Amino acid sequence: MGVTGHRSTHPSFPADTGPLDRVLTDILKRIDEAASGIPTPAGQSCGCTTRLVTLLADGTDHHAAMLALERGWDLVTPLPFGRGLNAAINAPARTIEDARALLAGRRPSDPDTGRRAEAIDALAARARTFEMADRDEEITELLLASFAAPDDRSLLDRLQLVSAQRAALAGKVLVQQSDIVIAVWDGKAVESVGGTGHTVASAVELGVPVVWIDPVHPAQWQVYATPEELAAGIGRAGEGRPCGSEDLSDAVQTVLSLPDWEGRGRHGGIAAIDPECWQDESWWAAHAYRRIEAVFGKPGWAGITQRLRERYERPSEIGAGSGLALLVALEGIPGGDPELPRRVEAEVMRRFAWTNGIATHLADRYRSGMVRNFLMGAAAIIVGTLYLPLTGPEHKWVFAAIELALLVGIIANTSRGQKLRWHGRWFETRRAAEYLRHSPYLLALGTARARGRWPDGGGSPWPEWYVRHALGAIGLPQVRIDKAYLRSALVLLRDHHVVPQRDYHIEKSSRLSRVHHRLDHLSENSFAIAVGVVGVYLLLALVESFGWIAEPALFSVAKWFTVIAVALPTIGGAIAAIRYFGDFDRFSDISAATAGQLARVADRIDHLLSAPDRQLEFARVARIFEDADDIVFHEVQAWQAVFSGKRTTIPA
């Protein structure tokens with residue numbers, strides 16, 4: 001739950017805060033009640049940990065924070081500045097002496113300033129603080145200079161502008177970290193950067209519902225989910241409407257509950273990652289698709305003998321295995337949260353290993369199942385004609401029986417794939433795995449995808465629900481972000497995600513392009529050879545008509561010509577079908593585009609790392625992290641668009 005609102009000095013903030021406190025208390029109680037009544041997919045009550053995210057400005061933020069702590073909620077605060085500078089600006093200091101005292105962590109001489117500073121510090125001590133201190137040195141100089149030259153209006157304007165920008169940045173973090181935002185707001189200006197209206201407008205634009213409390217009419221609070229609803233609600237302010245309690249319950253329900261989690265049978269929905277779905281290693285009978293990629297994708301023909309069996313990394317192993325380097329890098333960030341590596345390993349890496357292992361296994365089953373269908377279909381046609389040169393009609397039943405077995409095998413394989421939802425479960429688990437793969441880097445910088453920017457998941461929304469709540473369980477780290485922290489975060493993103501993924505997609509694009517062209521040539525050559533075979537037979541028939549060769553000689557090979565003329569186009573068609581099903585060229589293009597985007601991000605990181613410290617700001621770094629996040633989501637959506645309609649079916 002995010003909270004934003006007017007300061008105690010705002011004209012609309014009530015002198016008597018009793019009615020406002022009662023409304024806030026009622027809202028927090030309703031949230032707890034709504035959350036406790038929502039079952040998990042396993043059927044138990046939610047047992048959720050509720051977290052209040054607020055900037056701790058004097059006024060609304062303090063009232064909500066105290067009420068939340070009384071209810072046992074966690075308190076998290078993204079501060080626009082480091083704690084000392086935050087107190088000096090938000091207390092606020094009235095003299096340069098008090099400003100210096102607050103910056104040094106001492107008590108100011110002005111009692112009102114001291115009281116507000118103590119309140120901020122007391123709440124910050126009970127909160128997990130995310131201090132955005134990367135511009136503190138510059139802003140501190142500006143603050144002290146404005147006191148030293150009180151008549152210099154330009155200094156004051158610059159200080160107000162940069163303070164508003166920092167508040168807006170912290171407000172953006174608040175919105176990203178919130179499922180619902182409570183706003184105590186007079187409903188007026190939304191243009192004031194960093195103000196309450198600006199945060200409210202940002203929230204609804206990003207799909208985060210807002211509980212709007214008009215400080216003049218607090219009992220008539222309402223819930224708005226879109227900018228249009230908010231605009232209409234502002235226009236009706238003060239009309240004596242009842243509070244939006246039902247809308248709030250619905251909003252909590254939407255946030256916490258998993259729609260249609262039962263899905264389709266016991267293999268539907270989040271059951272796709274049940275323990276029974278785990279396999280320790282890949283199954284040799286599900287390697288057909290892998291073998292196609294290996295044989296036709298490796299330089300030369302090294303893929304013919306390549307060992308394909310893969311052991312899946314268990315969740316309990318990833319922290320000391322493939323994830324160890326990342327955990328060490330997280331621990332090495334100067335000023336980082338010492339608890340973050342442990343929480344990332346437990347909440348993210350283990351989930352990634354689990355979903356990645358299941359997704360890889362399901363991919364083998366689904367794609368190899370379709371490859372087997374194409375190959376068995378071709379084999380059935382060829383076997384059905386083989387009796388011609390090999391035996392007489394009296395033994396045709398042997399070949400017919402084999403043909404029937406192959407056709408039944410196609411039907412059984414297709415039925416099994418549909419019943420076990422190989423296609424759908426692969427899509428779902430792969431989405432979850434890819435979202436989790438790059439999440440540790442976002443968590444290190446406190447960057448999150450706002451609730452409304454997550455894909456809706458179509459008919460299977462559980463991966464987005466699952467990952468969003470897994471990341472939400474970690475939330476903001478307890479850190480003080482300075483220039484050194486930002487540099488380490490950029491290096492972490494570049495060396496452990498952007499560059500490895502760029503290189504992976506470059507290699508993948510080249511490999512899949514090779515697979516596509518080799519399959520294409522093999523299919524074309526099969527048809528070309530079939531044309532040649534038929535042409536040779538017709539030429540022999542023409543020669544026989546002139547009596548240049550004996551008729552029995554032509555008759556003895558005619559049946560083989562028939563089998564070969566049927567087999568070659570059939571094999572060519574099966575290869576073309578595998579090529580079409582695999583869509584290797586389109587996946588190659590997707591990987592090439594992704595690699596290009598990642599390469600540009602890597603260049604941007606290098607340029608920023610080589611820039612002077614004054615250019616290294618949280619906003620710039622966060623934008624790079626968000627762009628890297630967008631690349632992942634766009635790649636997943638492009639991949640889904642290619643394979644979404646290619647379900648396990650009887651080959652045409």
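Below, each value reflects all heavy atoms present in this structure, side chains not excepted, and no hydrogens, waters or symmetry copies. Values in this document were obtained by computation on a predicted structure and should not be read as measured data. Heads up: numbering here begins at 1 and tracks the sequence.
- Looking at heavy atoms from C-beta onward, Leu608 lies in side-chain contact with Leu616 at the 4.5 angstrom threshold.
- Among all heavy-atom pairs drawn from Leu476 and Gln177, the shortest one is CD2-NE2, 3.5 Å.
- With respect to the salt-bridge test (charged N to carboxylate O, under 4.0 angstrom), the residues Arg623 and Glu626 do not qualify.
- Interatomic distance, Leu52 CG to Leu67 CG, rounded to the nearest 0.5 Å: 9.5 Å.
- Applying the salt bridge (charged side-chain N to carboxylate O under 4.0 Å, His left out) test to residues at least two apart or on different chains, the pairs with a partner in residues 436-445 are Glu434-Arg437.
- The line from OG of Ser163 to CD of Gln165 is 9.0 Å long, rounded to the nearest 0.5 Å.
- Residues Phe13 and Ser8 form a side-chain contact, since some pair of their non-hydrogen atoms from C-beta on lies under 4.5 Å apart.
- Ion pairing between a basic and an acidic side chain is recognised when a charged N comes within 4.0 Å of a carboxylate O; Arg480 and Asp136 show such pairing.
- Applying the salt bridge (charged side-chain N to carboxylate O under 4.0 Å, His left out) test to residues at least two apart or on different chains, the pairs with a partner in residues 462-472 are Asp179-Arg468, Arg431-Glu464.
- The closest donor-acceptor contact from the side chain of Thr447 to the backbone of Leu443 lies at 3.5 Å or more, if one exists at all.
- For the atom pair CD (Gln597) and CZ (Arg502), the distance works out to 14.0 Å, reported to the nearest 0.5 Å.
- Note on Arg453 versus Asp630: salt bridge recorded, some NZ/NE/NH1/NH2 to OD/OE distance being below 4.0 Å.
- Contact annotation: the side chain of Ser588 never approaches that of His516 to less than 4.5 Å [non-hydrogen atoms, C-beta and beyond].
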Only distances under 3.5 Å count here; give the side-chain donor-acceptor pairs of residues 328-335 to other protein atoms, sequence neighbours excluded, each with its distance to 0.1 Å.
none

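- Between Arg128 and Gly475, the shortest heavy-atom distance links the atoms NH1-C, 4.1 Å.
- In terms of heavy-atom proximity, Leu486 sits nearest to Phe618 at CD1-N, 3.6 Å.
- In this structure, Asp603 CG and Ile605 CD1 are separated by 9.5 Å, a value rounded to the nearest 0.5 Å.
- Closest heavy-atom contact between Tyr441 and His496: OH-O, 2.8 Å.
- Sorted by first then second residue, the salt bridge (charged side-chain N to carboxylate O under 4.0 Å, His left out) pairs that include residues 90-105, not counting sequence neighbours, number zero.
- Residue pairs that meet the side-chain hydrogen bond (donor to acceptor under 3.5 Å, both in side chains) test with at least one member in residues 137-147, sequence neighbours left out, are Arg135-Glu138.
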Please output the side-chain donor-acceptor pairs of residues 76-88 that fall under 3.5 Å, not counting sequence neighbours, one pair per line with the distance.
{"from": "Thr77", "atom 1": "OG1", "to": "Thr54", "atom 2": "O", "distance (Å)": "2.7"}
{"from": "Asn86", "atom 1": "OD1", "to": "Asn90", "atom 2": "ND2", "distance (Å)": "2.7"}

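- In this structure, Tyr466 has its ring center at least 6.0 angstrom away from the ring center of Tyr435.
- From Trp212, atom CH2 reaches atom CG of Asp186 across 8.5 Å, with rounding to the nearest 0.5 Å.
- The CD1 atom of Ile120 sits 10.5 Å away from the CD1 atom of Ile89 when rounded to the nearest 0.5 Å.
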